[in-house]
Engineer: 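Below: one structure in structure tokens.
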Amino acid sequence: ASKVLYFTANPNGESEVITVHHKPVPRLRKLTLDADFADVAIKGRASQGNILSKYPIRKIIQKSKGVSTLSGIKIWYDDVLMRLNTDGRGNYLGSFEGEDKIIAIYPNGTYELTSFELTNRYDDVPIKIEKFEDDKVASVVYLDGKSKNHYVKRFIPEAVSMGRKVSFISEAPGSNMLVFSFADKPIIQLKYSKGKSKEVVVEEIDLAAFIDVKGMKAIGNKLSPHVVKSVILKAEKEEVIEEELENKEPEIEVKKASATFELTNPGDVELRDGQLGLF
């Protein structure tokens, strides 16, 4: 009678290496053998398959899981359920295969890398989630809770261990991230009071021109010597890469910052979790 000895279902098409343990029989010198599913061609459901062994099998265990054998799986992020899906719900993250990763940016100035497994759940609501690229530059404006100064920094997120949250702004109490962008040329609108007259000045700053790319642990450059009243992300300019989607046209959204960060008492203020001037 037919019997299933080993079964797994990998939604991303990962191949597996298994170890087959035989039952002791005469003239069988080697009781174990390894088999790689990557060497087996993908066939129809009615196919009988390849012969694994002609000897009685005692058990089969997974030795390792390899990379995807599919051409790529298209992933979306549902920001309501905070889950990944392949059904076209939410924001399109891209086509994933093999060792591709997802980067999630959080409001407290941390990020983490995850796999693209559909079982992933993001308990903290990310302000930005997308396919990880190891050469993409991040631009940040944040308030240092210790010095009360505003800083600008540009850095490339490192390929840290998956599931590990890494801070990229000051960890001093009261520190707050105001702007985050992966755009090539993020433009911020800075409002500050100047001199004894406290004249209010509004200025637009291209962060890519304001500071060079530095290390992830760098403090950054001071945004302004004056008393900062608000910082918002005004525009994000970058090259648009079109990608053909199966069964769904990509939705292009243009979002503008609708929230400002106001300092009502710049001389003596305790910062709380506030709204972010984000895309």
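What you see is a predicted model, and the numbers here were worked out from it, not measured in a lab.
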Engineer: Do the non-hydrogen side-chain atoms of Tyr77 and Met82 ever get within less than 4.5 Å of each other?
Structural biologist: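 In short, these two side chains touch, coming nearer than 4.5 Å.
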Engineer: May I ask you to test the Ile169-Tyr151 pair for a side-chain heavy-atom distance under 4.5 Å?
Structural biologist: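 When only atoms from C-beta onward are counted, Tyr151 and Ile169 do not touch, as no gap falls below 4.5 Å.
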Engineer: Does the side chain of Leu118 reach to within under 4.5 Å of the side chain of Ile75, using non-hydrogen atoms?
Structural biologist: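 SC-SC contact between Leu118 and Ile75 confirmed.
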Engineer: Please report the shortest heavy-atom distance between Asp87 and Trp76, naming the atom on each side.
Structural biologist: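 Closest heavy-atom pair between Asp87 and Trp76: N-CE3, 4.4 Å.
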Engineer: Evaluate the side-chain proximity of Thr110 to Glu112: yes if any heavy-atom separation is below 4.5 Å, no if none is.
Structural biologist: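 A side-chain contact is absent here, since even the closest heavy-atom pair is not under 4.5 Å.
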Engineer: Would you tell me whether Gln62 and Thr8 have side-chain atoms, one donor and one acceptor, within less than 3.5 Å of each other?
Structural biologist: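 On atom types as modelled, these side chains do not qualify, holding no pair under 3.5 Å.
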Engineer: With a 3.5 Å cut-off and no angle check, do the side chains of Tyr122 and Thr114 form a donor-acceptor pair?
Structural biologist: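 On atom types as modelled, these side chains qualify, holding a pair under 3.5 Å.
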Engineer: Hydrophobic side-chain clustering at under 4.5 Å (ILVMFWY, transitive links): who's grouped with Leu31? Put none if nobody.
Structural biologist: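 Joined to Leu31, directly or through intermediates: Val25, Leu28, Tyr55.
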Engineer: Examine Tyr6 and Leu52 and state if one hydrophobic cluster contains both, with Ile, Leu, Val, Met, Phe, Trp and Tyr joined whenever side-chain heavy atoms are less than 4.5 Å apart.
Structural biologist: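 Same hydrophobic cluster.
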Engineer: Is atom CG of Leu81 surrounded by more than 12 heavy atoms (other residues, nucleotides or ligands) closer than 6.0 Å?
Structural biologist: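 Enclosed: over 12 neighbouring heavy atoms sit under 6.0 Å from CG of Leu81.
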Engineer: Tell me whether Lys165 forms a cation-pi arrangement with Tyr106, defined as NZ or CZ under 6.0 Å from the six-membered ring centre and within 45 degrees of its axis.
Structural biologist: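 Lys165 over Tyr106 ring: yes.
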Engineer: Hey, is the main chain of Pro186 close enough, under 3.5 Å, to the side chain of Ser181 for a donor-acceptor pair?
Structural biologist: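 No, Ser181 side chain to Pro186 backbone: no donor-acceptor pair under 3.5 Å.
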Engineer: Contact between Pro157 and Ile103 at the side-chain level, heavy atoms closer than 4.5 Å - yes or no?
Structural biologist: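 Yes, side chains in contact.
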Engineer: Please find the pair of heavy atoms, one from Phe182 and one from Glu236, that lie closest to each other, and give the distance.
Structural biologist: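 The answer is N-OE2, 4.4 Å.
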Engineer: Under 4.5 Å between side-chain heavy atoms, counting indirect links through other Ile/Leu/Val/Met/Phe/Trp/Tyr residues: same cluster for Ile211 and Ile156 or not?
Structural biologist: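 Not linked; separate clusters.
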Engineer: Judged by atom type as modelled, is there a donor-acceptor pair below 3.5 Å linking the side chain of Asp79 to the main-chain atoms of Gly90?
Structural biologist: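 No, because the side chain of Asp79 does not come within donor-acceptor range (under 3.5 Å) of the backbone of Gly90.
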Engineer: Of the options Leu84, Asn85, Asn91, which is the one that meets Asp78 in a side chain to side chain contact (heavy atoms under 4.5 Å, CB included)?
Structural biologist: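 Of the listed residues Leu84, Asn85, Asn91, the side chain to side chain contact (heavy atoms under 4.5 Å, CB included) partner of Asp78 is Asn85.
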Engineer: Is there side-chain contact between Asn221 and Lys214, with heavy atoms separated by less than 4.5 Å?
Structural biologist: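 In short, these two side chains touch, coming nearer than 4.5 Å.
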Engineer: Locate the shortest heavy-atom distance separating Ala104 from Pro126; write the atom from each residue and the value.
Structural biologist: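 Smallest heavy-atom distance, with atoms named: CB-CB, 4.1 Å.
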Engineer: Would you check if Lys131 and Ile102 make a side-chain contact, meaning some heavy-atom pair closer than 4.5 Å?
Structural biologist: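 Side chain of Lys131 against side chain of Ile102, heavy atoms only: no contact under 4.5 Å found.
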Engineer: With Lys101, which residues qualify under side chain to side chain donor-acceptor pair (under 3.5 Å), at least two apart?
Structural biologist: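 None.
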Engineer: So does Asp34 have more than 12 non-hydrogen atoms from other groups sitting under 6.0 Å from CG?
Structural biologist: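 Check passes, neighbour count above 12.
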Engineer: I'd like to check Met177 versus Phe168 (side-chain heavy atoms, cut-off strictly below 4.5 Å). Are they in contact?
Structural biologist: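 The answer is yes; the side chains approach within 4.5 Å.
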Engineer: Where do Asp144 and Ala172 come nearest, in terms of heavy atoms and distance?
Structural biologist: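 Closest heavy-atom pair between Asp144 and Ala172: OD1-CB, 4.0 Å.
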Engineer: Mind checking whether His226 and Tyr192 have parallel, tilted or perpendicular rings, split at 30° and 60°?
Structural biologist: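 Plane angle under 30°, so parallel.
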Engineer: Which value, rounded to the nearest 0.5 Å, describes the distance between Asn149 atom CG and Tyr142 atom OH?
Structural biologist: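 These two atoms lie 9.5 Å from each other.
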